[in-house]
K.L.:
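One structure follows; several queries about it will come next.
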Number of protein chains: 2
Amino acid sequence: MNGATTSGQLRAHNRVRLLRAVHDCGATRTRSQLTRDLGLARGTASVLVAGLAEDDLLHEEPAPEHARGRPTQVPGPHPRGPVALAVDVREDAWELAACELGGRVTVLGVQPHDGTPEGTLGPLGEAVAEQVRRLGHRAVGVGVALAGPISHGGRVDIAHLGWRAVDVPALLGEPGPPLFVGNDTALAALAEARRGRLRGVRVGVHLHVDFDLGGVLVLDGHAVAGASGTGAEFGHMAIGGGERRCPCGAVGCWGMDVGANALLRHVGLAYGGGRGREQAERVLATSEEAVNATARALGRGIAALVNAHDPEVVTLSGHGVELRERAGEALLAACEPGLMAIRRDHPPRIEGSALGWRGALLGAMESVFDAFLTTEGLELWRKNHPDQARDTPDRQSVTHSTLDGESAQ
Amino acid sequence: MNGATTSGQLRAHNRVRLLRAVHDCGATRTRSQLTRDLGLARGTASVLVAGLAEDDLLHEEPAPEHARGRPTQVPGPHPRGPVALAVDVREDAWELAACELGGRVTVLGVQPHDGTPEGTLGPLGEAVAEQVRRLGHRAVGVGVALAGPISHGGRVDIAHLGWRAVDVPALLGEPGPPLFVGNDTALAALAEARRGRLRGVRVGVHLHVDFDLGGVLVLDGHAVAGASGTGAEFGHMAIGGGERRCPCGAVGCWGMDVGANALLRHVGLAYGGGRGREQAERVLATSEEAVNATARALGRGIAALVNAHDPEVVTLSGHGVELRERAGEALLAACEPGLMAIRRDHPPRIEGSALGWRGALLGAMESVFDAFLTTEGLELWRKNHPDQARDTPDRQSVTHSTLDGESAQ
DNA sequence: GGCTTTTGTTCACGGCTAGAGCATAAACTG
DNA sequence: CAGTTTATGCTCTAGCCGTGAACAAAAGCC
């Protein structure tokens, strides 16, 4: 991926490393800490920070606490710096947010939709376009999380909503900045890998329980995407041995026994079509038996994945957090007999996500910054940049003030 | 993984890149081609090649065919260059080979064994030690392929041979150069990724059919190892829905329906214990029905893996090559109904390995060179090096002549 | 108020690659 | 067969980069 070969690329490479380090730590580490972390000389760090500040990429503020010596600074997002737009499109509503370098998220709006491709992506496209106009060159990318497999061209299938090869970029109207469409499970896994329980984990498995079940392998901070971008579908493996036909077209998929649809089916309610989130939550809250049955199905499948992939940690998001809390014992009891003997000595931890339902949105942000925090991304920023810093004295950033809203993480 | 930050590391990084390119192409590309491939200036390539030749890492010979201009040279392994020792330990015999940079393999011996840890690894350790003595500093590592899951400490379990947490480094007697113990499936996959049908493939799945079934995900030329090194066990997922207990300790493992043991069981013969390779081959050759049943079980599981991981290619090694040839239609017919609808438009290719039974040995070699072809590996070589090139005039390499034997690939 | 500690800044130095100019060694041309 | 063409190897300079040391700055400590 990276790896400089000329001295010019070397500088670019170190700019990326520094910016990436600032982003990954959430803009909490001081300059002297970063210098040590990256193994740089103080002089080099000085030049790098100055250059990045010049390019409106970084802004230093005094560190809040002091130790003995000369006080150090904390590099963080620049007030005129890059912004990632992130969208989480759920079955019933979408959420749009603006994200600074370092990961601060400002939710710009939540809007229900009718579930049709046009009714969903049309208004979303307008909302995104408005933000892009407002932010100008500062919008460095738009990340969209969707609850279905996504081919590299941006075509999405959401079986239970009846979406079939829906062309997301076309319906969204080509926002201008690069568009990154991703599967919600893969993006939740990405967020977990960067800011959750899979941080620093070399091999992990992330499972996202929503209406159905998604899952993906996480290696060294990256979710494994698949050749055409439609990986992250662990839920569609024939584990469990049923003969029921899955809406996906296959038979006996594991995901049919785990998730909101399975909960509804278990208690005899209507299910499918992306409806029934409230009922499912009620079942989850009331029916001990349905919860345990789901947890057992989840545990059996986890055993198969643990055998196959030997992860260090298995994380659960969406309803999985509650399943882990409420029926952890049933889950582990169902998992254990499915494990190979050699896995039983040191079984992986099975943990609820630290990010809850926020993962997909945060992952959409990370996918944008993953593309931006590269030598190419930064080169493009430099090129598109109006370069106010040198010409005009210090034009107050009109745009930034409007970014203040509900703030999280 | 790599990525230089100082100009000194930059040189080291480019040395690695060049050497890696030579190795990966099998020492077939000319210097001018390599220069273009790596995006180097001609002058830089000149300096790099000279330095590597000085260190006994590379040796240039005139290119056999000429085009118009000045003839170019082909960099290849140096006569006093690094050698990787590679071992494939099968259930009934082991095979030891010496491998040059570029991948030329010289088989040094094949020896049957009794299947006990001591009876197998003891003599092997002696054979390895002898080669290490003979090669001296030229032996840069020993790679060992074994038919079982292997923890990072080098402890191996081979259920059907009764090996339980066998300490391979201890029984082998610490050969001196670094020891790399790996699972045969993972190593066969690695070889396939570097010199077989998974070359250049971003996402692939490799399945190795022997007595039982191993499988692993291959990403960008690397087999995914697992947190404790014991990944590559796709065969131990509960796909297929049986309730039979697997020797691994789990229940309903896919691998119980695929492989030599399954073939033997299918026709009512005794199976297990790593015996019966000949009988299994006879069944494979004679019983159309057993072959088809195995192919169907293989196909059903492949569908699950394709759904989950979205590979570009699925490769089969070991008996899988013959299964693909003899019962390809049964395999595909069993696979198709298990695929998600969206996978059916562009299903992955399912191909027999190009390396046959040789994969594990080649993979063991690659695992050694993967460690050697790094900045650290080359630095160590430089340090351990007697530096004959400068001191003595041109000592004839006694060691090299003894390396000539049966030669392959 | 002086001392200690830590960090930021500046600058000379060595190392690296790019690129240009030249040398070289073939194949092609007539 | 001699001149031309073409591609490659070699050498050297220019420009860029990070290191590390010396110095300056800004705190806490006694």
Side-chain angles (χ1 to χ4, degrees), chain A residues 2-19 21-22 29-55 58-76 375 378-379 382, chain B residues 2-19 21-22 29-55 58-76 375 378-379 382:
Chain A
N2 50 14
T5 66
T6 82
S7 34
Q9 292 173 321
L10 216 167
R11 166 62 59 94
H13 183 235
N14 275 333
R15 282 166 62 98
V16 169
R17 285 210 311 153
L18 180 54
L19 227 46
V22 170
R29 297 186 74 76
T30 68
R31 174 154 142 197
S32 62
Q33 287 173 321
L34 289 166
T35 305
R36 276 191 296 271
D37 291 351
L38 301 181
L40 297 169
R42 286 209 300 274
T44 310
S46 214
V47 177
L48 285 173
V49 169
L52 292 169
E54 171 102 351
D55 291 348
L58 236 48
H59 174 74
E60 281 193 325
E61 293 207 4
E65 359 187 282
H66 304 283
R68 186 82 186 275
R70 174 172 173 171
T72 180
Q73 309 275 103
V74 177
T375 51
L378 294 188
E379 193 49 48
R382 229 168 173 173
Chain B
N2 48 15
T5 66
T6 81
S7 34
Q9 292 173 319
L10 217 167
R11 165 64 58 95
H13 184 235
N14 275 334
R15 282 167 60 97
V16 170
R17 285 211 310 152
L18 180 54
L19 226 47
V22 170
R29 298 186 74 76
T30 68
R31 173 153 142 197
S32 64
Q33 286 174 322
L34 290 165
T35 305
R36 277 191 296 270
D37 291 352
L38 301 180
L40 297 170
R42 286 209 302 271
T44 309
S46 216
V47 178
L48 286 173
V49 169
L52 291 169
E54 171 102 354
D55 291 348
L58 236 49
H59 173 74
E60 281 193 324
E61 293 206 4
E65 358 187 281
H66 302 283
R68 188 81 185 276
R70 174 173 174 172
T72 179
Q73 309 276 104
V74 178
T375 50
L378 295 188
E379 193 49 48
R382 233 170 169 170

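Residue numbers begin at 1 in each chain, while the letters A, B, ... track the order of the sequences. Not measured: the values here are computed from a predicted model.
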K.L.:
What contact category does A:Arg36 fall into here, base, sugar-phosphate, or nothing, at under 4.0 angstrom with non-hydrogen atoms?
P.N.:
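Counting heavy atoms under 4.0 Å across all strands, the contact made by A:Arg36 is with sugar-phosphate only.
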
K.L.:
List for me each residue that meets salt bridge (charged side-chain N to carboxylate O under 4.0 Å, His left out) alongside B:Arg36, sequence neighbours excluded, and say none if there are none.
P.N.:
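Salt bridge (charged side-chain N to carboxylate O under 4.0 Å, His left out) list for B:Arg36, sorted by chain: empty.
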
K.L.:
To the nearest angstrom, how far is B:Glu60 atom CD from D:dG9 atom P?
P.N.:
7 Å

K.L.:
Expressed in angstrom and rounded to an integer, what is the separation of A:Arg17 atom CZ from D:dG18 atom P?
P.N.:
10 Å

K.L.:
Identify the heavy atoms of A:Val74 and A:Arg29 that sit nearest to each other, and give their distance.
P.N.:
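Closest pair (atom of A:Val74, atom of A:Arg29, distance): CG1-O, 3.6 Å.
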
K.L.:
What's the closest nucleotide to the A:Ser32 side chain, out of C:dT10, D:dC10, C:dT7?
P.N.:
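So the nucleotide nearest the side chain must be C:dT7.
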
K.L.:
My understanding is that only residues two or more places apart in sequence, or in another chain, count here; which of them pass side-chain hydrogen bond (donor to acceptor under 3.5 Å, both in side chains) with B:Thr375?
P.N.:
none

K.L.:
Only counting residues at least two apart or in another chain, list the ones meeting side-chain contact (heavy atoms from CB on, under 4.5 Å) with A:Ala45.
P.N.:
A:Thr35

K.L.:
To the nearest angstrom, how far is A:Gln33 atom CD from C:dG8 atom P?
P.N.:
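Nearest whole value for this atom pair: 11 Å.
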
K.L.:
Not counting sequence neighbours, which residues clear side-chain hydrogen bond (donor to acceptor under 3.5 Å, both in side chains) with A:Gln33? List them please.
P.N.:
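If we apply the side-chain hydrogen bond (donor to acceptor under 3.5 Å, both in side chains) test to A:Gln33, skipping adjacent residues, the hits are A:Thr30.
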
K.L.:
With 3.5 Å as the limit, what N/O pairs link the protein to nucleotides 27-30 of chain C?
P.N.:
residue, atom, partner, partner atom, Å
C:dA27, O4', B:Arg68, O, 3.2
C:dC28, O4', B:Arg68, NE, 3.2
C:dC28, O4', B:Arg68, NH2, 3.4

K.L.:
Nearest whole angstrom, please: distance from the C1' of D:dA27 to the CD of A:Gln73.
P.N.:
13 Å

K.L.:
Which residues satisfy the side-chain contact (heavy atoms from CB on, under 4.5 Å) test with A:Arg70, sequence neighbours excluded?
P.N.:
none

K.L.:
Tabulate below the donor-acceptor pairs under 3.5 Å that side-chain atoms of residues 5-12 of chain B make, not counting sequence neighbours, or state none.
P.N.:
residue, atom, partner, partner atom, Å
B:Thr5, OG1, B:Gln9, OE1, 2.8
B:Thr6, OG1, B:Gly8, N, 3.3
B:Thr6, OG1, B:Gln9, N, 3.2
B:Gln9, OE1, B:Thr5, N, 3.0
B:Gln9, OE1, B:Thr6, N, 3.1

K.L.:
Take the protein atom CG of A:Asp37 and the nucleotide atom P of C:dT7, then report the distance between them rounded to whole Å.
P.N.:
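Whole-Å distance recorded here is 12 Å.
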
K.L.:
How many Å lie between CZ on A:Arg42 and P on C:dT7, as a whole number?
P.N.:
7 Å

K.L.:
What is the distance from CZ of A:Arg29 to C1' of C:dT7, rounded to the nearest Å?
P.N.:
16 Å

K.L.:
Determine the minimum heavy-atom distance between B:His13 and A:Ala4, stating which atoms define it.
P.N.:
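In this case the closest contact between B:His13 and A:Ala4 is ND1-O, 3.0 Å.
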
K.L.:
Give every pair of a protein N or O atom and an N or O atom of nucleotides 11-17 of chain C that lie under 3.5 Å apart, one pair per line with the distance.
P.N.:
residue, atom, partner, partner atom, Å
C:dT17, OP1, B:Asn14, ND2, 2.9
C:dT17, OP2, B:Arg11, NE, 3.0
C:dT17, OP2, B:Arg11, NH2, 2.7

K.L.:
With sequence neighbours left out, write down each residue that passes salt bridge (charged side-chain N to carboxylate O under 4.0 Å, His left out) with A:Arg42, or none if nothing qualifies.
P.N.:
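Testing A:Arg42 for salt bridge (charged side-chain N to carboxylate O under 4.0 Å, His left out), a comparison that skips the adjacent residues, returns none.
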
K.L.:
I need the NE2-P distance between A:His13 and D:dG18, as an integer number of Å.
P.N.:
11 Å

K.L.:
Could you pick out which residue, A:Arg31 or A:Arg70, lies toward the 5' side of DNA chain C when each is mapped onto its nearest nucleotide?
P.N.:
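This one resolves to A:Arg70.
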
K.L.:
Would one find a side-chain N or O of B:Thr72 under 4.0 angstrom from OP1 or OP2 of D:dT8?
P.N.:
no

